[in-house]
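Structure first, then comments.
Computed from heavy atoms alone, side chains included, the values below leave out hydrogens, waters and symmetry copies.
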Amino acid sequence: GYIGVWIDVDHSEIINFYVDQEYQSMGFGSMMLEFVIELCTMSNVPNISLEVRRSNEKAIKLYNKYGFVYSHDRKKYYKDGEDALVLIKEL
């Protein structure tokens, strides 16, 4: 798996996050997400945002577990026309 994050002075954003299906539900996603949250906290940014497919219930559940909350939709964001949900975690 992998996770990518941009950290700026006043904001951070998870730009991609993937765990191979074979390794999902084994704690790897949680470990990577916890690392990014800690890194952003140490960087003194006020929040972390991300976008996730509306249909990706498994990912949304993980993000909610770590305190990410719904901010807004990005309509027809993905090439297939699916909306993205923007989630934000205040640090």
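Looking at heavy atoms from C-beta onward, K65 lies out of side-chain contact with L33 at the 4.5 angstrom threshold. Within the 4.5 Å cutoff, no side-chain heavy atoms of F68 are placed close to those of L62.
In this structure, V5 and S12 approach most closely via the heavy-atom pair CG2-CB, 4.5 Å. Of all heavy-atom pairs between V9 and V45, the closest is O-CG1, 3.8 Å. Closest heavy-atom contact between P46 and E90: O-OE1, 3.4 Å.
In this structure, Y70 places its OH atom where more than 12 heavy-atom neighbours from other residues, nucleotides or ligands lie under 6.0 Å away. Residue Y23 places its OH atom among 12 or fewer non-hydrogen atoms of other residues, nucleotides or ligands, all under 6.0 Å distant.
Cluster membership for Y2 and V52, using ILVMFWY side-chain heavy atoms within less than 4.5 angstrom, is not shared.
In this structure, Y63 and F17 have tilted ring planes: the angle between them lies in the 30° to 60° band.
Put simply, SG on C40 and CG on D8 are 11.0 Å apart, with the number rounded to the nearest 0.5 Å. The CD1 atom of I14 lies 10.0 Å from the CD1 atom of I7; values are rounded to the nearest 0.5 Å. Here D20 contributes atom CG and M26 contributes atom CE; the two are 11.0 Å apart, rounded to the nearest 0.5 Å.
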Which pairs would a plain distance check flag for residues 81-88, meaning a side-chain donor or acceptor within less than 3.5 Å of a matching protein atom at least two apart in sequence or in another chain?
unit_1	atom_1	unit_2	atom_2	d
E82	OE1	R53	NH1	2.7
E82	OE1	S55	OG	3.3
E82	OE2	R54	N	3.4
E82	OE2	S55	N	2.7
E82	OE2	S55	OG	2.7
D83	OD1	K76	N	2.7

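Partners of R74 under the side-chain hydrogen bond (donor to acceptor under 3.5 Å, both in side chains) rule, at least two apart in sequence or in another chain, are E51.
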